[in-house]
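For this chain, numbers begin at 1 and follow the sequence in order.
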Amino acid sequence: MAHSVLFDQDQAYAGTNPTDGLEFYQTQFADPSATATAGTGMQGSADEFYASSYGTAMPIVERSWLAAFGTGGLPNEAPLMEELGINFQHIKSKTLAVLNPFKPLDTSIYDDSDMAGPLLFILVLGTFLLLSGKSQFGYIYGVALFGTVGIWTILNLMSQGGIAVMHTASILGYCLLPIVVLGSIGLATDLKTGQIAAIASIVPIAWSTYSSATMFVTVLSMSEQRLLVAYPVGLFYTSFALLTIF
């Protein structure tokens, strides 16, 4: 009986048109399957949609590992190095200022507390000492930490405007470059020899002290207290020179 009922229903619907009563409307949207296989047509449709929505052309996004260090083609996107506080132009300017301390300083490059250069110089110095058979990483970090805090305290007591501790660490770290050169010389010769040790240590200490004191005096406007600033700074770099030689 059930079979006959179903059979009768099938016979009843057999003569009807399944599309009767349905109305179809035109639309502006294209078939996704057609645009997906169109290749360039899909890209053109995406560009047109972006232009109509945002009023500008779609930006070209760079797809490479170099894009991780830049803006990646995105509008108004800051570079990664800038977001991390690393300015290669300032690093270059500060390094050249240390190498040529007699050149007039541009105080604008010391507005930021850049620590990329100092950390690099400390790491290179420790590597040179390690290659010469002296593992001094702990002493280097300890002297750098306590020396920076001590000099920062002295400068704030001596100056009216004061200076931030990170700015102090940045200047002291960049002026460590002559001591790094001394460490590289220790790879080729024994610095413990009497005359060689005296000459090799005095020149980098004086160089670093003069560069650092000049920067502090310029930034803090303490031209009349240059010698008072140079004394603790000289002791700071003397400690690094002793670690490098002995």
Side-chain angles (χ1 to χ4, degrees), residues 83-87 90-99 101 105-130 134-184 186 201-246:
E83 294 181 353
L84 295 176
I86 301 176
N87 191 326
H90 282 192
I91 294 175
K92 177 182 177 181
S93 300
K94 293 178 182 180
T95 303
L96 293 177
V98 175
L99 296 176
L105 295 177
D106 182 10
T107 57
S108 62
I109 63 176
Y110 298 101
D111 294 338
D112 60 344
S113 55
D114 172 38
M115 292 299 298
L119 292 177
L120 177 62
F121 293 160
I122 290 178
L123 181 61
V124 172
L125 177 61
T127 303
F128 285 159
L129 296 182
L130 183 63
K134 294 173 286 188
S135 180
Q136 305 284 14
F137 280 100
Y139 292 103
I140 291 175
Y141 294 141
V143 172
L145 176 61
F146 290 103
T148 300
V149 173
I151 294 176
W152 168 72
T153 303
I154 294 173
L155 292 176
N156 280 278
L157 293 175
M158 294 174 58
S159 62
Q160 296 180 354
I163 187 173
V165 63
M166 296 303 295
H167 288 182
T168 305
S170 178
I171 294 176
L172 291 175
Y174 273 103
C175 294
L176 192 66
L177 181 58
I179 306 297
V180 177
V181 176
L182 176 63
S184 65
S201 61
I202 290 176
V203 174
I205 292 174
W207 193 345
S208 297
T209 301
Y210 183 83
S211 299
S212 182
T214 301
M215 293 181 185
F216 283 128
V217 167
T218 303
V219 173
L220 298 175
S221 301
M222 301 169 57
S223 58
E224 298 180 356
Q225 299 173 313
R226 181 184 296 269
L227 294 179
L228 295 177
V229 174
Y231 177 70
V233 171
L235 295 178
F236 177 79
Y237 292 114
T238 300
S239 302
F240 280 100
L242 292 176
L243 290 175
T244 304
I245 295 175
F246 301 102

Full working for side chain to side chain contact (heavy atoms under 4.5 Å, CB included) between Met158 and Leu228: CA-CA 9 Å; Met158 294 174 58; Leu228 295 177; 3.5 Å; yes

Pair Ser159-Gln225, side chain to side chain contact (heavy atoms under 4.5 Å, CB included): steps then yes or no: CA-CA 9 Å; Ser159 62; Gln225 299 173 313; 5.8 Å; no

Check against side chain to side chain contact (heavy atoms under 4.5 Å, CB included), Ser212 and Leu172: CA-CA 6 Å; Ser212 182; Leu172 291 175; 3.5 Å; yes

Residues Met215, Val98; criterion side chain to side chain contact (heavy atoms under 4.5 Å, CB included); working and verdict: CA-CA 9 Å; Met215 293 181 185; Val98 175; 3.5 Å; yes

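Looking at Ser184, its side chain does come within 3.5 Å of a backbone N or O of Val181 through a donor-acceptor pair. Between the side chain of Thr168 and the backbone N or O of Ala164 there is at least one donor-acceptor pair closer than 3.5 Å. Judged purely by atom type and a 3.5 angstrom limit, Ser208 uses its side chain to pair as donor or acceptor with the backbone of Cys175. Between the side chain of Thr95 and the backbone N or O of Ile91, at least one donor-acceptor pair lies under 3.5 Å.
Phe121 contributes atom CZ, which lies 4.5 Å from atom CG of Leu177 (distance to the nearest 0.5 angstrom). The line from OG1 of Thr244 to CG of Leu182 is 5.0 Å long, rounded to the nearest 0.5 Å. The CE atom of Met115 sits 6.5 Å away from the CD1 atom of Ile122 when rounded to the nearest 0.5 Å. Atom CG in Leu119 sits 9.5 Å away from atom OG in Ser170 (nearest 0.5 Å). Rounded to the nearest 0.5 Å, atoms CE (Met166) and CD1 (Ile171) are 12.0 Å apart.
Here the side chains of Ile151 and Val229 are not in contact, with every heavy-atom distance at 4.5 Å or above. Between Asn156 and Trp152 there is a side-chain heavy-atom pair separated by less than 4.5 Å. Looking at heavy atoms from C-beta onward, Phe216 lies in side-chain contact with Ile163 at the 4.5 angstrom threshold. Residues Ser221 and Gln160 fail the side-chain proximity criterion, which asks for heavy atoms closer than 4.5 Å.
Ring geometry for Phe240 versus Tyr237: interplanar angle of 30 to 60°, hence tilted.
Partners of Thr214 according to the side-chain hydrogen bond (donor to acceptor under 3.5 Å, both in side chains) rule, which considers only residues two or more places apart in sequence or in another chain, are Arg226. Annotation: side-chain hydrogen bond (donor to acceptor under 3.5 Å, both in side chains) contacts of Tyr174 (sequence neighbours excluded): Asp114.
Exactly one residue among Val180, Thr209, Ile179 makes a side-chain contact (heavy atoms from CB on, under 4.5 Å) with Pro204. That residue is Ile179.
Counting heavy atoms of neighbouring residues, nucleotides and ligands inside a 6.0 Å radius, atom OH of Tyr139 does not exceed 12 of them. Under a cut-off of 6.0 angstrom, the local environment of OH in Tyr231 is sparse, with at most 12 non-hydrogen atoms contributed by other residues, nucleotides or ligands. When the shell of 6.0 Å around CG of Leu157 is examined, it contains more than 12 heavy atoms from other residues, nucleotides or ligands.
The two atoms that bring Leu125 and Gly183 nearest to each other are CD1-CA, 4.4 Å, heavy atoms only.
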